[in-house]
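Below you'll find the structure, written out as structure tokens, and then a few comments.
In what follows, residues are counted from 1 in the order of the sequence shown.
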Amino acid sequence: MTQSIPRRNFLYGLGASLGSLAFSDLLSAEQKPSQGPLAPKQPHHPAKAKAVIMLFMEGGPSHIDTFDPKPTLDDLHLKEFVNKDDKISGMTNGGRFYVRSPFKFRQAGNAGIPMNEHFVHMSDPDVADELCVYRGCQAESVNHPTALYHMNTGNKFGGDPAIGSWVTYGLGSENQNLPGYVVMTELAAPQGGSGNWSNGFLPAYYQGTRLRAEGSPILDLKPPAWKTREHQRANLDVLQEINRQHLAEHPQHDDLLARMENYELAFRMQMQVPEIIDLKNEPQHVQEMYGLDDKETAPFGRQCLMARRLVEQGVRFVQIFSGGWDSHDFIERAHQKRIYSVDKPIAALIKDLKARGMLDETLVVWTGEFGRTPDNNVRGGDAAIGRDHNADAMNMFFAGGGVKRGTIVGATDEIGAKAVEVVHPIRDVHVSLLHLLGLDDNKLTYFHGGRFKQLSQFGGEIIPEIMA
């Protein structure tokens, strides 16, 4: 009885013949960095921005206490009332009292953008006049994990690719020796953990690479002293050959191809990453500009400086999480400390990008997962003044990358409870960010679960008012 031989097995059975060599070369070509999954791709339309640095203030910064002052609350301060609505969150139901902002505001820059008094460095005209503050966004959830997932992935239930994954899927990376999508956090990950930078149903190449907050940003970045670069390469070649043989016999194992590429990327990263993360090479005045000489600003400052260096080397999407913005009580003390920790680094990042001619092609985004209420629960009196979660009103700002400079877009009502002008959901923000990068949300799709999926879930609108 004649037994059929799979075509791939037949080719490998030819030993060192022309067929085997040609097939091996074909598989090898798939692994070359220039032809890999992160190879640069053409955008759908001319792009304004080439890269994104997203500064995520986890916990929900108060728009009323940062960039959207509400003087009306001064007259309402501590006035009590009762919410009785079964359709709203229990957090904002029952006995309430209005809360004025404990902060003073200034008109920053030539554009006169209202800004909390503690944004000392951000109020510099060289920074403030680059900002586009958007006050019209509305979220859909008041729970931290779901709201974080929504802002980061477009799906408040999680499991979908992060926006950085979509961007690298659509555009690839300009540096094949570095990940296309890099994430930095403080010691603790944000609520929801790595689901905030997951590749979801996209291939594993597109998952965010998290850099550690302390010690070596990436474990095992340096090989043991006894192992040479040549030794590593030889071991990888053997592993690659075994994996290629398995892949040839089981082509349906898509994850194996991603694993093979990740091994190669890790090997290449060992050459370039140490140089990028060694901030000692930066001039002293640059380190001081980012606040590396102050223990309160140094953690976020290091990450902002590293973000600039990563984008400078071709990384497509960098995301930095700053925690501690969930100020239900003692908002004056909590927000003041958080603002101090990010003010100098963010101002330095914008100035540095501008000085290097990079700001026009780098989109800087500052946001949280939702805004905060103009009132609070009756539970702590004046000594514990803070604010609850608010999905109906929030602000964010953009700089560079094709947005309007020195502009305020949209508005909330007189007490900051709800967005009332240029109102858009989060999906429209996502669609707008993709548009600035030259990507069309309706074309940037991936077939999964029986349908073509996209970041916006079911489509959205561009926000023309923020575009330059």
Side-chain angles (χ1 to χ4, degrees), residues 57 59-108 111-117 119 131-143 147 150-151 325-328 331-332 335 366-378 385-398 404 407-429 432 460-461 463-466:
M57 309 295 107
S62 168
H63 54 294
I64 297 169
D65 301 290
T66 52
F67 301 100
D68 191 8
K70 295 298 173 184
T72 300
L73 289 175
D74 293 344
D75 298 329
L76 296 173
H77 187 55
L78 299 183
K79 181 179 179 180
E80 295 192 16
F81 64 100
V82 177
N83 261 347
K84 292 183 178 180
D85 189 343
D86 293 337
K87 295 181 180 180
I88 64 175
S89 166
M91 180 185 296
T92 54
N93 235 329
R96 310 285 299 172
F97 64 93
Y98 288 108
V99 179
R100 71 184 175 198
S101 178
F103 304 110
K104 295 179 181 179
F105 281 75
R106 70 180 81 190
Q107 304 293 313
I113 292 180
M115 196 175 292
N116 179 305
E117 62 184 316
F119 283 112
L131 304 184
C132 175
V133 177
Y134 177 47
R135 295 174 173 173
C137 187
Q138 291 186 325
E140 295 180 8
S141 174
V142 291
N143 296 314
H150 190 195
M151 182 61 76
W325 293 85
D326 190 23
S327 299
H328 289 276
I331 194 169
E332 181 175 13
H335 261 45
W366 183 94
T367 188
E369 62 265 42
F370 42 57
R372 306 200 78 84
T373 59
D375 50 9
N376 203 3
N377 287 327
V378 177
I385 284 177
R387 304 188 189 281
D388 288 326
H389 304 173
N390 184 3
D392 290 330
M394 61 185 298
N395 61 197
M396 57 185 65
F397 73 70
F398 313 97
K404 286 182 180 177
T407 305
I408 297 171
V409 175
T412 56
D413 61 27
E414 62 180 6
I415 60 173
K418 188 173 183 177
V420 293
E421 293 181 15
V422 195
V423 182
H424 286 270
I426 287 172
R427 64 178 176 273
D428 289 353
V429 174
S432 300
E461 300 177 358
I463 307 173
E465 291 87 350
I466 70 174

Looking at [X] and [Y], what are the two nearest heavy atoms and their distance?
X	Y	value
Ile426	Cys137	CG1-SG, 3.9 Å
Gly460	Asp428	CA-OD1, 3.4 Å
Asp375	Phe81	OD2-CZ, 2.8 Å
Leu131	Ile113	O-CD1, 3.8 Å

If the condition is ring pair (Phe, Tyr, Trp, His ring centres under 6.0 Å), which residues does [X] pass it with, not counting sequence neighbours?
X	answer
Phe397	Phe67, Trp366
His328	His389
Phe105	none

Any residue meeting side chain to side chain contact (heavy atoms under 4.5 Å, CB included) with [X], in chain and number order, not counting sequence neighbours:
X	answer
Glu117	Phe103, Lys104, Arg106
Gln138	Asp392, Lys418, Ala419, Val423
Ser327	Ile331, Ala334, His335
Ala147	Ser141, Glu369, Phe370

Partner residues of [X] under the salt bridge (charged side-chain N to carboxylate O under 4.0 Å, His left out) criterion, sequence neighbours left out:
X	result
Glu140	Arg427
Asp65	Arg387
Arg100	none

With Thr412 as partner, the option from His63, Lys70, Arg135 fulfilling side chain to side chain donor-acceptor pair (under 3.5 Å) is Lys70
Are any non-hydrogen side-chain atoms of [X] and [Y] less than 4.5 angstrom apart?
X	Y	answer
Tyr98	Asp75	no
Thr373	Arg96	yes
Gln107	Pro114	yes
Leu73	Ser101	no
Ile466	Ser432	yes

Review point. Can you tell me if Asn390 uses its side chain to pair, donor with acceptor, with the backbone of Ala417 under 3.5 Å?
Key: yes
- Under 3.5 Å, is there a donor-acceptor pair between the side chain of Arg372 and the main chain of Gly60? yes
Interatomic distance, CG@Asn395 vs CG@Asp68, rounded to 0.5 Å, equals 6.0 Å
Hits for side-chain hydrogen bond (donor to acceptor under 3.5 Å, both in side chains) against Thr367, two or more places apart or cross-chain, chain-then-number order -> none
Hits for side-chain hydrogen bond (donor to acceptor under 3.5 Å, both in side chains) against Asn376, two or more places apart or cross-chain, chain-then-number order -> Arg379
**Request:** Please step through side chain to side chain contact (heavy atoms under 4.5 Å, CB included) for the pair His424 and Val409, ending with a clear verdict.
**Result:** CA-CA 11 Å; His424 286 270; Val409 175; over 6 Å; no
Show your reasoning for whether side chain to side chain contact (heavy atoms under 4.5 Å, CB included) applies to Glu421 and Glu465. CA-CA 11 Å; Glu421 293 181 15; Glu465 291 87 350; over 6 Å; no
